[in-house]
Structure formats: structure tokens, C-alpha cells
Amino acid sequence: MKNAFKFGFLGLALSVAFAACNTTTSESEETADSLSTEIEAQVDSVTDSIDSIGEAAIDSLDSLAN
């Protein structure tokens, strides 16, 4: 009976310690989300720049053809 209580308290202590150490995942998830948002914004910006350069090149080729 004594051993059952000892193992019970050991299990409780380990689960509390694990729960206390597990709180950093929400911070890392928030960091990953903000990093993902920033990457998407940069990709959209580069895509818009490439589109505008492509449109300018097409316009200049059209003006040369006429």
C-alpha cells in the first residue's frame, strides 16, 4: 500500500512537471504562425513585382511590333 501511494505521487509529480514544461508550444506555434504570415506577404510582394515586370516587358514588345 505504501508503494502504491509513492508511485501515485511520483506519477502526479511527473505529470505536473510535464504540463509545466509543455506551455512553450503555444509560444512556438504563435511564432510559426507569424513567420508563415510574413513569408506569405513577401511571396505576394515578389509575385506582384514579377507580374509588373512581365507586363512592362509585354507592353514594350507590343510597342516595338507596331
Side-chain angles (χ1 to χ4, degrees):
M1 188 75 176
K2 286 183 184 180
N3 288 337
F5 283 117
K6 288 180 183 177
F7 284 121
F9 283 118
L10 178 63
L12 178 65
L14 289 175
S15 62
V16 169
F18 180 74
C21 293
N22 202 14
T23 58
T24 58
T25 58
S26 63
E27 293 173 3
S28 63
E29 287 175 3
E30 290 174 3
T31 303
D33 290 342
S34 64
L35 183 60
S36 175
T37 304
E38 183 65 29
I39 289 172
E40 287 177 10
Q42 291 294 327
V43 167
D44 290 341
S45 174
V46 169
T47 302
D48 291 341
S49 297
I50 290 172
D51 286 344
S52 66
I53 291 170
E55 289 173 3
I58 290 171
D59 290 343
S60 65
L61 290 174
D62 286 343
S63 66
L64 288 176
N66 292 334

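Numbers here simply count residues along the sequence, with the first being 1.
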- Message: Let me confirm one number: the OG-CD1 distance from S63 to I58, rounded to the nearest 0.5 Å.
- Response: 12.0 Å

- Item | Inter-residue atom distance Q42.CD - E40.CD, 0.5 Å rounding | 11.5 Å

- Would V43 and L35 show up in the same hydrophobic cluster when neighbours are defined by side-chain heavy atoms closer than 4.5 Å? yes

- Kindly say whether A41 contributes a backbone atom to a donor-acceptor pair with the side chain of S45 at under 3.5 angstrom? no

